[in-house]
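Quick note: numbers below take in every heavy atom, side chains included, and nothing from hydrogens, waters or symmetry partners. Reminder, nothing fancy here: chain letters follow the sequence lines and each chain counts from 1.
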Amino acid sequence: MVKYFCCADLLKGTWDQVCTAFWQRYPNPYSNHVLTEDIIFREVTPSNCLISRRLLTKTSRAPRWMERYLPKKMSSLAYIIEDSIVDPQKRTMTTLTWNITHARLMSVEEWCEYGINPENGSWTQIKREAWISSNVFGLSRAIQEFGLARFKTSVTKTMKGFDYVLAKMQGETPSRTLAATATERARETALAAKEKAKGLASHAQKKQYV
Amino acid sequence: GIYLYGVLKRSVGEACTDLKREYDQCFNRWFAEKFLKGDRSGDPCSESFRTYQRCVHKAIKDKDIPIDGVEFMGPSKDKPET
């Protein structure tokens, strides 16, 4: 049995920006679990596609209930391989990511395709599919459920990280004027103040009822 | 503009981190300014790539990281139909 997951995501950046960000997205504030990152193979094919293999080290802590079934000295590090093909003619980037350690315990395979959003050419859409499986007798279903939940959390983090790196990239393009940046800063500050006020108000309200 | 954010992450081989950063900077520039724009006029990063690869593959061997025999875009081929 394999758990299957599929979703679509949107990034507010051009396909070129997203591909450029893809190689520069570590570190970001949402990637603290990614410890190391290396390119271990790279080539431009005769058909002008860039193919790369990236090796990542991530921390992966098992939940409490699972720990008792695991070897005592099991490493809390997981090695991940991420293969990718960037096709600048078709404007697509395809990635396949999977863990090469602890794979009997739980194997997560993720396939993504990044392409130009047909409704808005300056945005990028991501088609994402994932397969999660476990070979632990009697526990595979529980582990797969856990794996799926964690995978969803990590997708959210990935997207936040992408947004962060894209915003930084876009914020530094010369076409953007200082005035526009200042206006945005002011708006962000105002928004933060509003949120804070809301928080205080609801806190005060709660207190009244206690 | 050139954006150099992802050049601070460490390499799996402690000794390779500086080589990795040097290569990443070169690559990121080449990727955005040449590759995506269809410019195929040579690869300015091949030298730094070679040096970095020697270092990182030694580290992978020393640490017994099981990357051997894993086909490119490998596991998708035996994906069960769901």
Side-chain angles (χ1 to χ4, degrees), chain A residues 1-4 6 15-17 19-28 31 34-44 48 50-53 55-57 79 81 83-86 88-89 91 94-96 98 100-101 103 107 109 111 129 131 133 164-166 168-170 172-175, chain B residues 1-14 16-17 19-21 23-25 27-40 42-43 45-46 48-50 52-53 55-57 59-60 63-82:
Chain A
M1 272 291 288
V2 176
K3 275 248 168 238
Y4 173 76
C6 128
W15 183 83
D16 284 45
Q17 285 172 339
C19 288
T20 306
F22 178 75
W23 301 117
Q24 304 182 38
R25 65 190 162 122
Y26 303 124
N28 67 61
S31 73
V34 182
L35 301 180
T36 74
E37 178 221 344
D38 283 285
I39 295 295
I40 58 170
F41 173 81
R42 180 168 269 158
E43 213 173 81
V44 177
N48 274 330
L50 178 76
I51 60 175
S52 313
R53 171 166 284 179
L55 173 72
L56 302 165
T57 315
Y79 291 109
I81 282 187
D83 284 348
S84 59
I85 305 170
V86 183
Q89 293 86 223
R91 288 281 188 272
T94 314
T95 66
L96 188 74
W98 72 98
I100 54 169
T101 50
S107 146
E109 240 178 77
W111 175 91
E129 290 184 79
W131 295 263
S133 58
Y164 176 86
V165 175
L166 277 172
K168 283 210 140 193
M169 279 172 49
Q170 290 162 348
E172 290 203 352
T173 50
S175 63
Chain B
I2 279 304
Y3 328 103
L4 303 169
Y5 287 98
V7 293
L8 295 169
K9 200 47 115 183
R10 282 184 297 132
S11 167
V12 71
E14 290 80 3
C16 314
T17 298
L19 296 173
K20 168 190 152 46
R21 288 177 191 173
Y23 167 70
D24 277 352
Q25 291 204 12
F27 169 81
N28 288 332
R29 187 163 285 143
W30 170 82
F31 183 78
E33 291 187 346
K34 297 212 162 161
F35 180 75
L36 287 182
K37 297 197 167 120
D39 182 345
R40 294 291 171 273
D43 177 5
C45 312
S46 55
S48 59
F49 185 65
R50 262 198 297 276
Y52 165 46
Q53 290 303 288
C55 188
V56 75
H57 281 279
I60 288 169
K63 293 189 175 198
D64 274 326
I65 303 170
I67 60 156
D68 285 338
V70 186
E71 226 181 302
F72 186 72
M73 296 299 259
S76 62
K77 287 181 189 106
D78 49 33
K79 179 119 39 253
E81 291 295 316
T82 41

Is the ring pair B/F72/A/F41 parallel, tilted or perpendicular, if the boundaries are 30 and 60 degrees?
tilted
If I measure from the heavy atoms of chain A, does B/F31 come under 4.5 Å with its side chain, its backbone, both, or neither?
side chain
To the nearest 0.5 Å, how far apart are CE in B/M73 and CH2 in A/W98?
8.0 Å
Do A/I39 and B/F49 pass the side chain to side chain contact (heavy atoms under 4.5 Å, CB included) test, and can you show the C-alpha distance, the side-chain angles, and the key distance before you say yes or no?
CA-CA 9 Å; A/I39 295 295; B/F49 185 65; 3.9 Å; yes
For the atom pair OG1 (B/T17) and CG (A/D38), what is the distance rounded to the nearest 0.5 Å?
7.5 Å
Is it the backbone or the side chain of A/L55 that comes under 4.5 Å from a heavy atom of chain B, or both, or neither?
side chain
Part of A/I100 lying under 4.5 Å from any heavy atom of chain B
both
How far apart are the closest heavy atoms of B/E71 and A/D83, and which atoms are they?
O-OD2, 3.9 Å
Looking at side-chain heavy atoms only, is the closest gap between A/R53 and B/V70 below 4.5 Å?
yes
Chain B contact via A/V44 - which portion, at a heavy-atom distance below 4.5 Å
side chain
Atom pair CD (B/Q53) and CZ (A/R42), whose distance is rounded to the nearest 0.5 Å:
9.0 Å
To the closest 0.5 Å, what do you measure between CG (B/L36) and CH2 (A/W15)?
5.5 Å
Is it the backbone or the side chain of A/T94 that comes under 4.5 Å from a heavy atom of chain B, or both, or neither?
both
So for A/N28, is it side chain, backbone, both, or neither that comes closer than 4.5 Å to the heavy atoms of chain B?
neither
Using heavy-atom distances under 4.5 Å, tell me whether A/T95 contacts chain B through its side chain, its backbone, both, or neither.
backbone
Portion of B/V56 that has a non-hydrogen atom of chain A nearer than 4.5 angstrom
side chain
